[in-house]
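Side chains are part of it too, since the values below use all heavy atoms of this structure and drop only hydrogens, waters and symmetry mates. Each ligand, and each atom within it, is numbered from 1 in the order the structure gives. These numbers come from a predicted model, not from an experiment.
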Amino acid sequence: MKTKIILLGPPGSGKGTQGEMLGGEFGFVRLSTGDMLREAARNGTPLGIKAKGYMDSGALVPNDLIINLMMEKIASLGDGTGVIFDGFPRTVEQADALGERIDVDLALNLDVDDAELVNRLTKRRSCPKCNAVYHLDYNPPAESGICDKCGSELYHRDDDKEETVVNRLNVYRRNTMPLIEYYEKRGKLRTVRGTGDIDGIFEKVKETVL
Ligand code: AP5
């Protein structure tokens, strides 16, 4: 079984949704740089204060900040821990830094068209406490505005407004898409179509891991 897994794919392709399911199924730790940065911003830490402006405009947070953050996280993992990287690496420099520390055995690319991505993100609602995500049409919470898992009030991420989403997609194409070829050349890439029923996609995702 693959135990060192990167989730690639544009904003809104379902990395968080599928990563959470994968982590639950196999007991892997999910490391989401986006969740970590948002928590740091909410808590007003030095990292969060530096990162917030970049995130709100849809730009990438500088490589050195992200690489330091992730190297600390990786150092705290026990030997043999299965890990899912959600949102990292996002640049070739980050991928090189990760490759020096960990032998990645799968880069799973979720493929979704732009129009669908915009719809998903502008109608996403997120939980600030447990990081669960919902969609107003496809995956609504049982009670409007309330997280099913922890009862917190859901919110609309600042970077999920349409103009910022368009910028995030451009940033993705420029900086992160080259990683598809990067991992393909190393024989690690698998692509799964990320549209349709969430459980159906998860079945295909599991096949790439087993
Ligand atoms: P981050 O939080 O990582 O955002 P992202 O990559 O843009 O990804 P998202 O969380 O928006 O989407 P997702 O693919 O997880 O989709 P989800 O499962 O939620 O990063 C945010 C910011 O932090 C960046 O812009 C950057 O500034 C900074 N940052 C983070 N990492 C960085 C790094 N390494 N380097 C530099 N900067 C970094 O699904 C989306 C919606 O669709 C949900 O509503 C969900 O319910 C719905 N959905 C999911 N699957 C389906 C389906 N099959 N059908 C219908 N709806 C679905």
Side-chain angles (χ1 to χ4, degrees), residues 6-23 30-41 47-48 50-71 73 84-98 108-113 115-128 131-141 147-148 154-161 164-177 179 192-205:
I6 291 170
L7 296 180
L8 287 177
S13 56
K15 301 182 296 297
T17 302
Q18 296 294 330
E20 190 63 32
M21 293 167 82
L22 208 50
R30 174 174 152 253
L31 296 180
S32 160
T33 38
D35 287 349
M36 290 176 208
L37 293 169
R38 279 183 290 280
E39 192 184 344
L47 170 67
K50 282 186 203 151
K52 191 170 178 352
Y54 296 102
M55 296 172 78
D56 286 351
S57 69
L60 292 182
V61 173
N63 280 326
D64 57 335
L65 294 179
I66 295 290
I67 290 170
N68 287 342
L69 171 71
M70 291 308 277
M71 292 308 128
K73 291 283 170 192
I84 301 165
F85 294 96
D86 171 354
F88 176 85
R90 256 174 155 99
T91 63
V92 169
E93 193 176 336
Q94 293 179 17
D96 285 342
L98 180 63
L108 175 60
N109 176 38
L110 291 169
D111 176 39
V112 179
D113 301 332
E116 168 78 4
L117 296 171
V118 172
N119 171 297
R120 285 186 188 183
L121 294 178
T122 52
K123 292 191 176 175
R124 171 168 59 186
R125 295 296 179 268
S126 307
C127 177
N131 299 313
V133 291
Y134 302 86
H135 186 279
L136 294 180
D137 302 329
Y138 305 136
N139 178 27
C147 179
D148 292 349
L154 301 176
Y155 78 115
H156 192 204
R157 273 169 48 177
D158 283 340
D159 61 347
D160 278 350
K161 298 188 176 73
T164 314
V165 167
V166 170
N167 191 33
R168 285 164 65 196
L169 290 174
N170 288 332
V171 168
Y172 166 77
R173 270 188 282 274
R174 200 166 50 240
N175 297 286
T176 310
M177 254 180 107
L179 295 184
V192 165
R193 185 81 182 135
T195 48
D197 174 54
I198 290 174
D199 292 330
I201 297 167
F202 185 53
E203 290 306 311
K204 292 186 279 175
V205 165

- Under the criterion side-chain contact (heavy atoms from CB on, under 4.5 Å), which of L117, N119, D159, L121 is the partner of V165?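 By the side-chain contact (heavy atoms from CB on, under 4.5 Å) criterion, V165 pairs with just one of L117, N119, D159, L121: L121.
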- Message: What verdict does the side-chain hydrogen bond (donor to acceptor under 3.5 Å, both in side chains) test give for T91 and N63, after you've listed the backbone C-alpha separation in whole Å, the side-chain angles of each residue and the deciding distance to 0.1 Å?
- Response: CA-CA 8 Å; T91 63; N63 280 326; 2.9 Å; yes
- Nearest heavy-atom pair of I66 and F88: which atoms, and what distance?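 Taking I66 first and F88 second, the nearest heavy atoms are CG2-CD1, 3.5 Å.
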Ligand 1: which protein N/O atoms lie under 3.5 Å from its N/O atoms?
{"residue": "ligand 1", "atom": "2 (O)", "partner": "R38", "partner atom": "NH1", "Å": "2.9"}
{"residue": "ligand 1", "atom": "2 (O)", "partner": "R38", "partner atom": "NH2", "Å": "3.0"}
{"residue": "ligand 1", "atom": "2 (O)", "partner": "R157", "partner atom": "NH2", "Å": "3.4"}
{"residue": "ligand 1", "atom": "3 (O)", "partner": "R90", "partner atom": "NH1", "Å": "3.2"}
{"residue": "ligand 1", "atom": "3 (O)", "partner": "R90", "partner atom": "NH2", "Å": "3.4"}
{"residue": "ligand 1", "atom": "4 (O)", "partner": "R157", "partner atom": "NH2", "Å": "3.4"}
{"residue": "ligand 1", "atom": "6 (O)", "partner": "K15", "partner atom": "NZ", "Å": "3.0"}
{"residue": "ligand 1", "atom": "6 (O)", "partner": "R90", "partner atom": "NH2", "Å": "2.5"}
{"residue": "ligand 1", "atom": "7 (O)", "partner": "R90", "partner atom": "NH2", "Å": "3.4"}
{"residue": "ligand 1", "atom": "7 (O)", "partner": "R168", "partner atom": "NH2", "Å": "2.6"}
{"residue": "ligand 1", "atom": "8 (O)", "partner": "K15", "partner atom": "NZ", "Å": "3.3"}
{"residue": "ligand 1", "atom": "10 (O)", "partner": "R124", "partner atom": "NH1", "Å": "3.1"}
{"residue": "ligand 1", "atom": "10 (O)", "partner": "R157", "partner atom": "NH1", "Å": "3.2"}
{"residue": "ligand 1", "atom": "11 (O)", "partner": "R124", "partner atom": "NH1", "Å": "3.2"}
{"residue": "ligand 1", "atom": "11 (O)", "partner": "R124", "partner atom": "NH2", "Å": "2.7"}
{"residue": "ligand 1", "atom": "11 (O)", "partner": "R168", "partner atom": "NH2", "Å": "2.6"}
{"residue": "ligand 1", "atom": "12 (O)", "partner": "G12", "partner atom": "N", "Å": "2.9"}
{"residue": "ligand 1", "atom": "12 (O)", "partner": "R124", "partner atom": "NH1", "Å": "3.3"}
{"residue": "ligand 1", "atom": "14 (O)", "partner": "G12", "partner atom": "N", "Å": "3.4"}
{"residue": "ligand 1", "atom": "14 (O)", "partner": "S13", "partner atom": "N", "Å": "3.2"}
{"residue": "ligand 1", "atom": "14 (O)", "partner": "G14", "partner atom": "N", "Å": "3.1"}
{"residue": "ligand 1", "atom": "14 (O)", "partner": "K15", "partner atom": "N", "Å": "3.0"}
{"residue": "ligand 1", "atom": "14 (O)", "partner": "K15", "partner atom": "NZ", "Å": "2.9"}
{"residue": "ligand 1", "atom": "15 (O)", "partner": "G16", "partner atom": "N", "Å": "2.8"}
{"residue": "ligand 1", "atom": "16 (O)", "partner": "G14", "partner atom": "N", "Å": "3.2"}
{"residue": "ligand 1", "atom": "18 (O)", "partner": "G16", "partner atom": "N", "Å": "3.4"}
{"residue": "ligand 1", "atom": "18 (O)", "partner": "T17", "partner atom": "N", "Å": "2.8"}
{"residue": "ligand 1", "atom": "18 (O)", "partner": "T17", "partner atom": "OG1", "Å": "2.6"}
{"residue": "ligand 1", "atom": "19 (O)", "partner": "R124", "partner atom": "NH1", "Å": "2.6"}
{"residue": "ligand 1", "atom": "20 (O)", "partner": "R90", "partner atom": "NH2", "Å": "3.4"}
{"residue": "ligand 1", "atom": "27 (O)", "partner": "A59", "partner atom": "O", "Å": "2.6"}
{"residue": "ligand 1", "atom": "31 (N)", "partner": "T33", "partner atom": "OG1", "Å": "2.8"}
{"residue": "ligand 1", "atom": "31 (N)", "partner": "G87", "partner atom": "O", "Å": "3.3"}
{"residue": "ligand 1", "atom": "31 (N)", "partner": "R90", "partner atom": "NH1", "Å": "3.0"}
{"residue": "ligand 1", "atom": "34 (N)", "partner": "G87", "partner atom": "O", "Å": "2.8"}
{"residue": "ligand 1", "atom": "34 (N)", "partner": "Q94", "partner atom": "OE1", "Å": "2.9"}
{"residue": "ligand 1", "atom": "35 (N)", "partner": "Q94", "partner atom": "NE2", "Å": "2.9"}
{"residue": "ligand 1", "atom": "37 (N)", "partner": "V61", "partner atom": "N", "Å": "3.0"}
{"residue": "ligand 1", "atom": "44 (O)", "partner": "Y134", "partner atom": "O", "Å": "2.8"}
{"residue": "ligand 1", "atom": "53 (N)", "partner": "R120", "partner atom": "NH2", "Å": "3.4"}
{"residue": "ligand 1", "atom": "53 (N)", "partner": "G196", "partner atom": "O", "Å": "2.9"}

Can you tell whether the side chains of [X] and [Y] come within less than 4.0 Å, N to carboxylate O?
| X | Y | answer |
| --- | --- | --- |
| D86 | K15 | no |
| R193 | D113 | yes |
| D56 | K161 | no |

